[in-house]
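Just so we're clear, the structure is a prediction, and the values are computed from it rather than from any experiment.
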Amino acid sequence: MRRALQLSKRYSMILFGACLLAFAYYHINFQNHLSEGGFVGLGLLAKYAFDLSPAMVMLLLDIPLFLVAWLVRGRQFIWDTIFASLAFTVFYDLFERFSPIVMDMSRMMPLASVLAGVLTGLGTGLVLRYGAATGGDDIFSLLISKYTGLSIGTVFLLLDVIVLCMSFWFVPMKEMMYTILAVVISSQVITWTVNHGAGVEVMEEEHGHGSVSMTHR
């Protein structure tokens, strides 16, 4: 019974994090024309520079990282990540199709950047804290954080800033600056969310091929 309650809580929080992330990406980032970092940004950059499909580029980037994560983090992590990724995709599609909410903050872009940073950071952090990821760039950041000792938020920030700097030729300067503000805030919120409480961190435990659990130090 206790095991069932723990699993129910964990997957509920992963779903909530994926929903929050999808809400923020559609209602704040997309509706207010904020750029993207990470693999989404690389996909858009490939579209601008080489007229390649962003979806195809992201898939090609995701596949090797999923394979590496399968070996390093275990099968359960991959299944949970697939669950989180599908949940994010479904939530985003539902918001795009049916949401009546319009958050036009074009005259309040500093506020839009802060909200985008807080909500995307909280959503991503919750998914990571409860043992999953929403895509290849999350997996990449987890692996780099594990083997370098850098905080997960710092790795996210570095990846996003590198991609955004590569996009300077294609994205307006004003839009870029607001996006950088958003990713700086997001990186801090991710770190805080993953480590919130008395040393809460995501740890691997022996369970079949390896699952993810929450451990308090």
What pair of heavy atoms forms the shortest contact from [X] to [Y], and how long is it?
| X | Y | value |
| --- | --- | --- |
| His27 | Met103 | O-CB, 3.4 Å |
| Leu150 | Ser145 | O-OG, 2.6 Å |
| Phe168 | Met176 | CE2-CG, 3.4 Å |

**The single option from Leu181, Val114, Asn32 passing side chain to side chain contact (heavy atoms under 4.5 Å, CB included) against Met109** =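 With Met109 as partner, side chain to side chain contact (heavy atoms under 4.5 Å, CB included) holds for just one option, Asn32.
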Distance-only, no hydrogens or angles: does the [X] side chain make a donor-acceptor pair with backbone N or O of [Y] under 3.5 Å?
| X | Y | result |
| --- | --- | --- |
| Ser12 | Ser8 | yes |
| Asp137 | Gly38 | no |
| Asp62 | Gly136 | yes |

Got a second to check how far [X]'s [atom1] is from [Y]'s [atom2], nearest 0.5 Å?
| X | Y | atom1 | atom2 | answer |
| --- | --- | --- | --- | --- |
| Thr193 | Leu122 | OG1 | CG | 5.0 Å |
| Leu65 | Leu60 | CG | CG | 11.5 Å |
| Thr179 | Asn29 | OG1 | CG | 7.5 Å |
| Gln188 | Thr191 | CD | OG1 | 6.0 Å |
| Ile139 | Leu61 | CD1 | CG | 12.0 Å |
| Leu94 | Ser99 | CG | OG | 10.0 Å |

**Prompt:** Do Tyr11 and Asp80 have side-chain N/O donor and acceptor atoms under 3.5 Å apart?
**Reply:** yes
**Prompt:** Relative to the ring of Trp70, is the ring of Trp79 parallel (under 30°), tilted (30 to 60°) or perpendicular (over 60°)?
**Reply:** perpendicular
**Qualifying salt bridge (Lys or Arg N to Asp or Glu O under 4.0 Å) pairs, either residue in residues 96-121, two or more places apart** = Asp93-Arg97
**Request:** Return yes when atom OH of Tyr178 has more than 12 non-hydrogen atoms of other residues, nucleotides or ligands closer than 6.0 Å, and no otherwise.
**Result:** yes
**Request:** Answer with yes or no after comparing the ring centroid distance for Tyr92 and Tyr25 against a 6.0 Å cut-off, counting only values under it.
**Result:**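 Centroid separation for Tyr92 and Tyr25: 6.0 Å or greater.
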